[in-house]
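Below is one structure, written out as C-alpha cells; the observations come after it.
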Amino acid sequence: MSWRTIVISRSAKLDYKLDYLVVRQQEVTRIHLSEISILMIESTAVSLTAVLLNELMRRKIKVIFCDEKRNPSAELIPYYGSHDTSAKVRKQIEWSSEAKEMVWTEIVTEKIRRQMEFLKGLGKEEYHLLEEYIAQITPGDSTNREGHAAKVYFNALFGMKFTRAEDCPYNAALNYGYGLLLSACNREITANGYLTQLGLFHDNMFNQFNFGSDLMEPFRILADMQVYKMKPEKFEHEEKMQMVGILNHEVFIDGKKNYLNNAIKIYCRSVFDAVNEQDVSMIRFYRNEL
C-alpha cells in the first residue's frame, strides 16, 4: 500500500531501475515505487527520464511539479486510470441531478460540521453559529450556508480583518495545503476512471478539477488546523514542508487508522459508489480519532 510523499527540493537526476525510483544527488537514494503515493518536484533544477515518468503513470503515482517560487504549478494525470474508463465516464455523464445534489449536501454538511468542531475545541463561541447553519442546510445548500459558515469560521480563526483574498503568509499556506489536497483527490478520480472536469456542485468552465474541488471539501480543515498551529510569519521552504506533512497525517476511517493519502482513497471511492447507487449512507468520512 502506497503511503509516502516524496519531495525533491534540490538539484537531482531521477530515473527508474528495477521497480525503484533512483534519486541521484551527492548521494544516491533508492525508493521502491510501491511505497510512493505522491512525488513532488519542488525544484526546477531536477531532470527526469521518460521511462520513470511512464512507470509513475502506470502505477498511478501522483506527480506534482512546482514553479521557480516552489509553488505547485502542474500535475501529471494519466489518460487511462482504469480498465473500464469508457464505462465510468458514460456513467458519470448520466449521473442524475438528484443524486449529485444528495451527495453534495452530505459533503458540505460534513465540511461545516468539522469547522464547527474545530472552533468548539478551541473554545471559540462562534461554533454556535455554525451549529445553526448545519441545522439550516437545504438540499444542495441552496441558501449557501457554506459561504456564511466560511466567513464566520475564518474570522474566528484568524481575526475579523482576515479575508481569503488577502496576500499574506496565512493565505499562501492555506492555498498550498488546499492544492495538495486537491491533487490527492484528483489522483483518485483519474485512478478510478472518472473525469476531473465534471463535478457534483462545482461547474466552472475554466476549472479542470471541478470534481476534485467537490471531493476535497471535508479535508480542508486539516490544512486550516496546520496553518492555525504554525501561525506563519513567512511562507518558504520550511513552512511548505510542514504543509506537505499533512498528507502523512493519520486519521480513522471505516474504523481503522490510515495515513491521509489512503483515507482519501477510501473516501473518494465511497463517494463514487454513493452517487452511482444514489445512497448517501455509503459515504465514508474520516475522523481524527475513534
Side-chain angles (χ1 to χ4, degrees), residues 38 60 62-65 71-82 84-112 114-115 137-147 149-150 164-165 171 174-224 247 260-261 263-278 280 282-285:
I38 295 175
K60 301 181 178 66
K62 173 67 68 179
V63 182
I64 303 173
F65 293 99
N71 291 316
S73 61
E75 61 184 43
L76 290 184
I77 299 178
Y79 280 135
Y80 308 108
S82 174
D84 57 349
T85 295
S86 296
K88 295 283 185 64
V89 170
R90 282 196 295 270
K91 186 176 292 187
Q92 184 179 6
I93 292 171
E94 293 170 357
W95 283 344
S96 68
S97 298
E98 293 78 12
K100 291 190 290 186
E101 183 179 85
M102 285 193 303
V103 172
W104 172 248
T105 304
E106 289 296 308
I107 289 174
V108 76
T109 301
E110 177 68 10
K111 175 188 180 181
I112 300 175
R114 297 194 66 80
Q115 291 175 331
I137 290 178
T138 55
D141 189 27
S142 58
T143 57
N144 192 28
R145 296 300 92 182
E146 179 194 14
R164 283 287 290 129
N171 274 323
L174 288 172
N175 292 337
Y176 193 87
Y178 295 158
L180 294 173
L181 294 169
L182 174 62
S183 182
C185 290
N186 289 336
R187 173 182 184 268
E188 296 309 318
I189 293 168
T190 56
N192 284 274
Y194 295 100
L195 295 177
T196 60
Q197 293 90 339
L198 302 181
L200 303 174
F201 170 77
H202 289 86
D203 190 29
N204 188 326
M205 64 183 291
F206 302 109
N207 184 3
Q208 299 181 61
F209 307 121
N210 285 311
F211 199 7
S213 300
D214 293 327
L215 294 178
M216 69 175 285
E217 294 293 358
F219 294 92
R220 286 179 180 267
I221 182 70
L222 297 175
D224 303 339
L247 296 174
L260 183 60
N261 269 323
I264 289 175
K265 180 181 297 184
I266 294 169
Y267 158 76
C268 287
R269 291 179 178 178
S270 76
V271 172
F272 305 148
D273 291 340
V275 186
N276 286 322
E277 300 299 326
Q278 300 188 43
V280 295
M282 301 179 77
I283 302 177
R284 297 290 177 261
F285 292 114

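The structure displayed is predicted, hence computed values, not measured ones.
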Rounded to the nearest 0.5 Å, how far does [atom2] of [Y] lie from [atom1] of [X]?
X      : Y      : atom1 : atom2 : result
Ile283 : Ile266 : CD1   : CD1   : 14.5 Å
Glu188 : Arg269 : CD    : CZ    : 6.0 Å
Ile137 : Asn144 : CD1   : CG    : 10.5 Å

Heavy atoms only: give me the nearest [X]-[Y] pair and the separation to one decimal.
X      : Y      : value
Ser142 : Thr138 : OG-OG1, 2.7 Å
Ser213 : Leu182 : N-CD1, 3.5 Å
Val89  : Gly193 : CG2-O, 3.7 Å
Gly212 : Ile189 : N-CD1, 3.4 Å
Leu215 : Cys268 : CD1-SG, 3.8 Å
Ala184 : Ile264 : CB-CD1, 3.7 Å

Carefully, step by step, assess Leu174 and Arg164 under the rule side chain to side chain contact (heavy atoms under 4.5 Å, CB included).
CA-CA 9 Å; Leu174 288 172; Arg164 283 287 290 129; 3.9 Å; yes

Hey, are the side chains of Phe211 and Gln92 touching, using non-hydrogen atoms and a 4.5 Å cut-off?
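Yes, at least one pair of side-chain atoms sits under 4.5 Å.
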
Do Phe219 and Leu180 touch side chain to side chain, with heavy atoms closer than 4.5 Å?
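No; the side chains remain at least 4.5 Å from each other.
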
Lys60, NZ atom: more than 12 neighbouring heavy atoms under 6.0 Å
yes

All N/O donor-acceptor pairs, side-chain side in residues 194-204, below 3.5 Å, sequence neighbours left out:
unit_1, atom_1, unit_2, atom_2, d
Tyr194, OH, Asn276, ND2, 3.1
Thr196, OG1, Gln208, O, 2.8
His202, ND1, Asp214, OD1, 2.5
Asn204, OD1, Phe206, N, 2.8

Results of side-chain contact (heavy atoms from CB on, under 4.5 Å) for Ala223 - residues two or more places apart only
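Tyr178, Leu181, Met243, Ile246.
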
Selection residues 92-112 - residue pairs positive for salt bridge (charged side-chain N to carboxylate O under 4.0 Å, His left out), sequence neighbours left out
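Only Glu110-Arg113, Glu110-Arg114, Glu110-Arg287, Lys111-Glu146, Lys111-Glu217 qualify under salt bridge (charged side-chain N to carboxylate O under 4.0 Å, His left out).
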
Are Arg145 and Asp141 close enough for a salt bridge, meaning some N to O gap below 4.0 Å?
no

